[in-house]
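What follows is a short report on a single structure.
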Number of protein chains: 2
Amino acid sequence: MTVRRSAEGRPDRALALLWRNHRPLAVKAKGRRPSLDVDEVVATGIRLADSDGLTAASMGGVAKELGVGTMTLYTYVPSKDELLELMVDQVLGERELPGPDQRPAGWRAQVALYADETRAMFRRHPWLSQVSPIRPPVGPGMLAGREYLLAVMSTLALSPRDINIAAVTVTSYVDSAASLAAESALIERTTGQSHDAWWTDRSELWETYFDVERHPAMTAVWNAGGFDAGPVDVAAESYQYGLERLLDGIEAKAGPAMT
Amino acid sequence: MTVRRSAEGRPDRALALLWRNHRPLAVKAKGRRPSLDVDEVVATGIRLADSDGLTAASMGGVAKELGVGTMTLYTYVPSKDELLELMVDQVLGERELPGPDQRPAGWRAQVALYADETRAMFRRHPWLSQVSPIRPPVGPGMLAGREYLLAVMSTLALSPRDINIAAVTVTSYVDSAASLAAESALIERTTGQSHDAWWTDRSELWETYFDVERHPAMTAVWNAGGFDAGPVDVAAESYQYGLERLLDGIEAKAGPAMT
DNA sequence: ATCAATTCTCGTAGGGTATACGAGAATTGA
DNA sequence: TCAATTCTCGTATACCCTACGAGAATTGAT
C-alpha cells in the first residue's frame with residue numbers, strides 16, 4: 001500500500017523548500033545559529049529509509065540519528081509529509097538523464113536509458129514504492145524527468161498533445177513497473193522469504209482448494225508448461241515484453257522518428 | 001503509498017479463511033456461541049473503508065461498528081493484515097467476469113470487459129489503491145481474475161509461456177492504471193481539492209522557479225499548446241492510448257486470434 | 001556593557017494505531 | 001452438577017505525529 005501525503009497548507013513554502021538551491025538565499029544575521037540545515041535532515045531521512053525502511057524515517061528516528069530533540073526538526077521542515085516530499089524529489093534528481101547533446105542515438109535507446117535510471121533509483125531507494133506518485137513533489141528532480149521524456153517523444157512525428165500523452169504513458173508504465181519490482185524486492189528482504197518460498201508455503205491451494213473445472217484455462221496453461229520457470233522471472237520478462245509492445249504500438253501509430 | 005502486509009505466520013489458516021465457503025464446514029456444538037461470523041467482520045471492514053477510508057477500517061473501528069470489544073475480532077480473524085486480505089479477495093470476486101459461453105466476441109472486447117470491471121471495482125473501493133498488489137490474497141476472487149485473462153490470451157496464437165506473460169502484462173497495466181485513477185479520485189475527495197486547483201496553487205513554480213533554458217522540450221510543448229486542456233483529462237487519455245498501443249503490439253507479435 | 005529582538009531548541013501532553021495476556025462468561029455433554 | 005470448551009474484552013505496552021510554550025543563544029543598537 002501507499003503512503004498518503006495530505007494536503008500541505010502552504011504551497012509557496014513547499015516550493016521554496018523544494019527549490020531551495022535555485023538562488024543563493026540572503027544571509028540572515030540575527031538570532032540563534034541553526035545547528036543543522038535542510039539538506040542534512042533530508043539526507044538523514046533518505047539514509048534511514050534506505051537501510052531500515054520508510055518507517056525508520058520517522059521524525060523521532062531522524063532526530064535521534066542527528067542527535068537532536070524530535071521537535072527541533074520542525075525548525076527545518078514544516079511536517080513529516082513535507083520531509084517526505086523533499087526526500088522524493090532529492091532521489092528523483094539523482095537520475096542521470098543527459099542533456100540534448102549527450103543522449104544516445106534513437107528514441108528507443110533514450111527511453112531505455114530513462115527506464116534503466118528509474119529502475120536503478122527504485123533499487124537504491126525501495127521505499128519509493130511506498131510513496132504515492134499522485135501529486136508528486138513539484139521540484140527540480142521531478143521536472144528533470146519530465147523534461148527528458150518530453151524531449152524524447154518530441155523526436156517522433158506526433159502532435160504536441162500526443163507528445164505529452166505518449167510521455168505520460170511511458171512514464172506511467174516504466175515508473176509503475178519499477179515501483180512494483182522494487183516493492184517485490186523489498187518484501188523479499190523484509191520478510192526474508194523469496195517469492196518461490198511464498199508460493200511453496202501455499203501449495204495447499206492446489207491440493208485442497210483449487211477446482212480444475214472452474215479454471216480450465218489456467219489448468220490448460222499449467223499442463224502445457226506455461227507456468228514453468230523460465231530463464232528470467234515472469235515479472236521481469238513481462239516488464240520487458242510490455243514495454244517493447246508499447247513502444248511498437250507508439251511507433252506504428254506515429255510514423256518513424258524525425259531525427 | 002501502499003499498505004504493507006507483513007508475512008503471516010500460518011498460510012494454511014489464511015487459506016482456510018479465504019476459501020471458507022468452498023466446502024460446508026462441520027458444525028461444532030461445544031462452547032459458547034459466537035455472536036458474529038467472518039463474513040460480517042469482512043463486510044463491515046469494507047463498508048467502513050468505502051465510506052471513511054482505509055484508516056477507518058481499524059480493528060477498533062470495525063469492533064465499535066459491530067458493537068463489540070476490539071479484542072473480540074481476534075476470535076474471527078488472526079490479525080489486521082489477514083482481515084485486509086479477506087477484504088481484498090472479497091472485492092476482487094465482485095467483478096463480473098463471464099464464463100466461456102457468455103464472453104463478448106473478440107479478444108480485445110474481452111480485455112476491455114476485464115478492464116471495465118476492474119476499474120469499476122477500484123471506483124467502488126478506492127482504498128484498494130492503498131493495498132500492495134504484491135503477494136495478493138490467494139483466494140477465489142484473485143483466481144477468478146487470472147482465469148479470465150488467461151482464457152482471453154489463450155485465444156491468441158501464443159506459446160503457453162507467452163500466454164502467461166501476456167496475461168501478466170495486461171493485468172499489471174490495467175490494474176496499475178485503475179489503481180492510480182482510483183487514488184487520484186480518492187485524493188480529490190479527501191482533500192476537497194481538484195487537480196486543477198492543486199496545480200493553480202503551484203503557479204508560482206512557473207513565475208518564480210521554472211527555468212526555460214533548462215527545459216526546452218517542455219517549453220516547446222507548452223508553447224505549441226500540448227498542455228492545454230483536451231476533451232478528456234490527460235490521465236484517462238493516456239490510459240486508453242497506452243492500452244490500445246499495448247494490445248496493438250501484442251497482436252502484431254502474435255498473429256491474429258484463433259477463434 | 002546592557003538589553004530588546006530574533007531565532008533555534010526541545011520536553012510535555014494528547015490522540016491515534018495493533019495486539020499479548022489473562023480473567024471471566026456462556027454453553028454443552030457426561 | 002461439573003469439567004471442558006469456546007467466546008468476550010479490559011488493561012497494558014509501544015509506537016506514531018505535532019501543538020504549545022518556556023528557555024537558550026545570538027545579534028545590533030544604545
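Letters go in sequence order (proteins before strands), and every chain restarts at 1.
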Practice item. For B:M59 and for A:G67, find the nucleotide of DNA chain C with the closest heavy atom, then tell me which residue's nucleotide is more 5'. Key: A:G67

Roughly, in whole Å, what's the span from [atom1] in [X] to [atom2] in [N]?
X: A:L54; N: D:dC15; atom1: CG; atom2: P; value: 18 Å
X: A:K64; N: D:dC15; atom1: NZ; atom2: P; value: 9 Å
X: A:M71; N: C:dC8; atom1: CE; atom2: P; value: 14 Å
X: A:L66; N: C:dC8; atom1: CG; atom2: P; value: 16 Å
X: A:L36; N: C:dC8; atom1: CG; atom2: P; value: 11 Å
X: A:K30; N: C:dT6; atom1: NZ; atom2: P; value: 6 Å

Check your understanding: Is it true that a side-chain atom of B:D89 and a backbone atom of B:V138 form a donor plus acceptor pair closer than 3.5 Å?
Key -> no

Review point. Does B:E117 reach the main-chain N or O of B:E96 with its side chain, forming a donor-acceptor pair under 3.5 Å?
Key: yes

Review point. Parallel, tilted or perpendicular for A:W19 and B:Y209, by the 30°/60° rule?
Key: parallel

Which part of the nucleic acid, if any, lies within reach of [X] when heavy atoms closer than 4.0 Å are counted: base, sugar-phosphate only, or nothing?
X: B:T72; result: base
X: B:T75; result: base
X: B:S35; result: sugar-phosphate

Where the side chain of [X] is defined as all heavy atoms beyond and including C-beta, which of [options] is the nearest nucleotide?
X: A:R33; options: C:dA26, D:dT26, D:dC20; value: D:dT26
X: B:R32; options: C:dC10, C:dT19, D:dC7; value: D:dC7
X: A:K80; options: D:dC17, C:dT19, D:dA24; value: D:dC17
X: B:T70; options: C:dT19, D:dC17, C:dC8; value: C:dT19
X: B:V68; options: C:dT7, D:dC9, D:dC20; value: D:dC9

Exercise for review: Check whether any side-chain N or O of A:Y76 sits under 4.0 Å from OP1 or OP2 of C:dT9, and answer yes or no.
Suggested key: yes

Exercise for review: Search all heavy atoms of A:A178 against all heavy atoms of A:R119 and return the closest pair with its distance.
Suggested key: CB-CG, 3.8 Å

**Study point:** Considering all heavy atoms, the nearest A:Y76-A:V38 contact
**Key:** O-CG2, 3.7 Å

**Study point:** Pairing nucleotide - D:dT6, Watson-Crick or G-U, each distance under 3.5 Å
**Key:** C:dA25

